[in-house]
Amino acid sequence: MNFSNVKFLTSYGTFSQLPKATRIEIAFSGHSNVGKSSLINKMFNRKSLAKVSATPGKTATINFFDFENIFIVDLPGYGYAKVSQNEKLRWAKLIDGYLNDTSRHLGLVFQLIDMRHAPTKDDITMINFLVESEIPFVIVLTKADKLNKTNRAKRLEAFKTEIPYFEDITSVSFSATTGEGVQEIRNIIEEIACLLYTSPSPRDKRQS
Ligand code: GDP
C-alpha cells in the first residue's frame, strides 16, 4: 500500500450524517490529547492531514480519510473535562453510534493510550467495550519517547494489571517524534486490509 496515497474526505458532527458503509474501515480511538492526530500524520508522512492541537478536546467530529481501498476513521478524542455536559453527550453519542453500528465494515480499531500514565476510566470502558463487542483492536502506547528505558519497562509491567487482557492484546509502542512503531502500525493496516478483502470480519460473519 502506498501511504502517501491518502486524502481527507469529510468531518461528521452527528452520527446520522455518516455515509453508508461501502468499504472496510480502520478507526483510531483515544482520549483527547493522547497523540491521535500526530500518529495519523506520521503514518501518512504528512504535516497536517489531521489537525494537531495544543488545545485538547478540539476534535469533536468523526473524520474520514480515503486511503487506497479503505476508510481511515478518526474518532473524536474523548474524556476532555473542560467542555459542557451537552457537548460531552454529543461526543459520546458519536463514538457509541459509530462503534455500535454493526452495518459498518469495521476491520480494526487502534486504541491509543498515553504510555506515561495509567489508562483513564474511559480508556478501560473502551477496551472492555471492544472486547465485549468482538471488535478486533490493537493498543498503541503513545508518546514513548517521553519515557526512559527504566520507566518504559515499569509502565509496561504496570499495564499488565491496569489494562484488562493486556498480555493477550497486540500492543505497539509508538512515538510521533522519533517514528518508533510507525512501520509496525503500517504493517498491521496492510495485513488487515489484505485479510479482510479476502474473508469477512467476525462482526460481518455474525450478521450473515
Ligand atoms: P490528539 O488530541 O489525540 O489528536 O493529540 P495531538 O496529536 O494533537 O497531540 C497532543 C499533544 O501531544 C501535542 O502537543 C503533540 O505535539 C504532542 N504529542 C503527540 N504525539 C507525541 C509524541 O509521540 N511524542 C511527544 N513528545 N509529543 C507528542
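Quick note: numbers below take in every heavy atom, side chains included, and nothing from hydrogens, waters or symmetry partners. What you are looking at is a predicted structure, and each value in this text was computed from that prediction instead of being measured. Remember, it's 1-based here, ligands and their atoms both numbered in the order they're listed.
- At least one heavy atom of Thr177 sits closer than 4.0 Å to an atom of ligand 1.
- Here atom 22 (C) of ligand 1 lies nearest to Asp145 when heavy atoms of Asp145, Thr178, Val34 are compared.
- Salt-bridge formation is not detected for the pair Lys146/Asp114: no Lys NZ or Arg NE/NH1/NH2 atom is positioned less than 4.0 Å from an Asp or Glu carboxylate oxygen.
- Ligand 1 has no nitrogen or oxygen under 3.5 angstrom from a nitrogen or oxygen of Ala144.
- A centroid separation of 6.0 Å or more is found between the aromatic rings of Phe64 and Phe8.
- Between Leu106 and Ala27 the shortest heavy-atom distance is CD1-CB, 4.0 Å.
- Residues Glu180 and Arg152 are paired through a salt bridge, judged by an N-O separation under 4.0 Å between the basic side chain and the carboxylate.
- Classification of Arg186 and Glu191 as a salt-bridged pair fails, no side-chain N sitting under 4.0 Å from a carboxylate O.
- When each atom of ligand 1 is checked for a heavy atom of Ser175 under 4.0 Å away, the hits are 23 (O).
- Taking all heavy atoms of Arg116, Glu180, Lys146, Lys143 into account, the minimum distance to atom 17 (C) of ligand 1 is reached by Lys143.
- Every atom of ligand 1 with a heavy atom of Asn33 under 4.0 Å away is listed here by number and element: 1 (P), 2 (O), 3 (O), 5 (O), 10 (C), 11 (C).
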